[in-house]
Amino acid sequence: MASKTAAAKDIITLHGSAAIVSEFFCYAANSILYNRAVYPEESFVKVKKYGLPMLLIEDESVKSFLSNLTSQISEWLEAGKLQRVVLVIMSKATGEVLERWNFRIETDNEVVEKGVSREKSDKEIMREIQAIMRQVASSITYLPCLDEACVFDVLAYTDTDVAVPFTWIESDPKLIANPQMVKLHAFDTKIHKVDTLVSYKNDEWDEEE
């Protein structure tokens, strides 16, 4: 009986996978906003998640935005309709795109269509997410300093047959011309695989060398 009980904890359902991925995005977004100083340090409170100290923003409007975003992402993930989520950091003064944090999602369509489940241990998934969060925290060592006031937005790339909620609007992709790119670790629930990539504006000094 003991072995059966242990095995049951490793079962990943579509609903469970969607919850893991959407929650990951919420924490990743908070970490990016903190580490890239989009909001001041005192706007965040420290919590423990994924076995790591994490930071969550206390600003009510941003919390509400991210909460609504998380629930919408979870809904799209369960329907197998979400292809990627991109967090964009822009200059507040000019609207110029400075960074794009790109989370590309691959979905196991058999799970969506047939309702089957997959197996993977929670610990293994957590270790993979930990690796990404550590990379986000260390991003300040290689990303250019954002020495101006910035704002952020989130883009969602969905299948064309998805009904878009009224709170969302059509957007251009907010691309960066000739960006530098750094690929981060991926994590995989066996139902959703998330690849992470950050692209950022080339430093003008680099271009002159």
Side-chain angles (χ1 to χ4, degrees), residues 3-32 49-52 54 56 63-88 100-133 135-136 152-175 181 183-199:
S3 62
K4 283 186 179 177
T5 305
K9 292 179 182 175
D10 293 343
I11 297 296
I12 304 287
T13 64
L14 178 58
H15 179 76
S17 178
I20 290 168
V21 175
S22 55
E23 185 181 56
F24 157 79
F25 182 76
C26 184
Y27 277 92
N30 273 278
S31 186
I32 291 164
K49 183 70 177 175
Y50 308 121
L52 298 169
M54 301 290 295
L56 293 178
K63 276 169 67 176
S64 175
F65 175 87
L66 290 175
S67 174
N68 292 334
L69 178 70
T70 302
S71 61
Q72 183 59 67
I73 285 172
S74 186
E75 187 180 310
W76 281 331
L77 287 165
E78 278 201 63
K81 301 291 186 183
L82 188 62
Q83 298 162 7
R84 72 179 63 206
V85 178
V86 183
L87 189 150
V88 182
R100 293 177 95 251
W101 291 80
N102 194 327
F103 301 87
R104 186 167 61 87
I105 298 150
E106 291 176 28
T107 303
D108 184 333
N109 288 320
E110 186 186 12
V111 175
V112 177
E113 290 161 11
K114 299 182 181 177
V116 296
S117 56
R118 297 284 183 247
E119 286 187 32
K120 185 164 183 176
S121 76
D122 289 344
K123 281 187 177 178
E124 197 177 346
I125 294 169
M126 189 172 81
R127 275 198 301 270
E128 291 174 4
I129 292 176
Q130 272 182 349
I132 299 171
M133 294 303 187
Q135 284 184 310
V136 172
F152 82 100
D153 203 355
V154 176
L155 311 177
Y157 290 71
T158 63
D159 292 0
T160 53
D161 60 350
V162 166
V164 178
F166 73 92
T167 50
W168 290 71
I169 58 170
E170 292 282 333
S171 170
D172 68 274
K174 301 188 187 298
L175 299 175
M181 297 186 189
K183 193 176 188 311
L184 278 66
H185 288 299
F187 82 93
D188 190 352
T189 67
K190 295 294 187 185
I191 295 174
H192 297 105
K193 183 183 179 190
V194 181
D195 283 303
T196 309
L197 175 84
V198 58
S199 53

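- With rounding to the nearest 0.5 angstrom, the CD atom of E128 is 15.0 Å from the NZ atom of K123.
- To the nearest 0.5 Å, the span separating CG on L82 from CG on D159 amounts to 8.5 Å.
- The minimum heavy-atom distance linking Y50 with Q130 is given by the pair O-NE2, 2.7 Å.
- Using a 4.5 Å cut-off on side-chain heavy atoms (C-beta onward), T196 and H185 make no contact.
- Residues E106 and V194 are not in side-chain contact: their nearest non-hydrogen atoms beyond the backbone lie 4.5 Å or more apart.
- Distance check: F24 CZ to M133 CE gives 5.0 Å after rounding to the nearest 0.5 Å.
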Going through the distances and angles, do F152 and F65 end up as a ring pair (Phe, Tyr, Trp, His ring centres under 6.0 Å)? CA-CA 11 Å; F152 82 100; F65 175 87; 5.6 Å; yes
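- For the pair T107 and G80, the tightest heavy-atom approach, listed with the atom from each and the gap, is CG2-CA, 4.2 Å.
- Applying the side-chain hydrogen bond (donor to acceptor under 3.5 Å, both in side chains) rule to pairs touching residues 20-31 yields E23-K49, S31-N35, sequence neighbours excluded.
- No side-chain heavy atom of T158 sits less than 4.5 Å from a side-chain heavy atom of Q83.
- The two residues V21 and H192 come nearest to each other via the heavy atoms CG2-CB, 3.8 Å.
- Note on K120 versus D10: no salt bridge recorded, every NZ/NE/NH1/NH2 to OD/OE distance being 4.0 Å or above.
- Remark: I20 CD1 to I129 CD1 distance equals 6.5 Å, nearest 0.5 Å.
- With a 4.5 Å cut-off on side-chain heavy atoms, R118 and T189 do not count as touching.
- The side-chain heavy atoms of W101 and V136, taken from C-beta on, include a pair separated by under 4.5 Å.
- In this structure, CZ in F187 is found 10.0 Å from CG in D195, a value given to the nearest 0.5 Å.
- Side chains of F103 and L197 form no contact here, defined as non-hydrogen atoms less than 4.5 Å apart.
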Given side-chain contact (heavy atoms from CB on, under 4.5 Å), test I12 with D122 step by step and report yes or no. CA-CA 9 Å; I12 304 287; D122 289 344; 4.2 Å; yes
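- Counting only heavy atoms from C-beta outward, the side chains of R84 and N102 approach each other to under 4.5 Å.
- With hydrogens and angles ignored, the 3.5 Å screen pairs a side-chain donor or acceptor of T70 with a backbone N or O of L66.
- Rounded to the nearest 0.5 angstrom, K114 NZ and D108 CG are separated by 10.0 Å.
- Salt bridge annotation for K193-D188: absent, with no cationic side-chain nitrogen under 4.0 angstrom from a carboxylate oxygen.
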Kindly determine whether I11 and E119 satisfy side-chain contact (heavy atoms from CB on, under 4.5 Å), including the steps that lead there. CA-CA 5 Å; I11 297 296; E119 286 187 32; 3.5 Å; yes
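- If you check the side chains of E78 and H15, you find a donor sitting under 3.5 Å from an acceptor.
- Closest of all the heavy-atom pairs between A79 and V112 is O-CG1, 3.7 Å.
- Proximity of V85 to I105: side-chain heavy atoms (C-beta onward) are separated by under 4.5 Å at one or more points.
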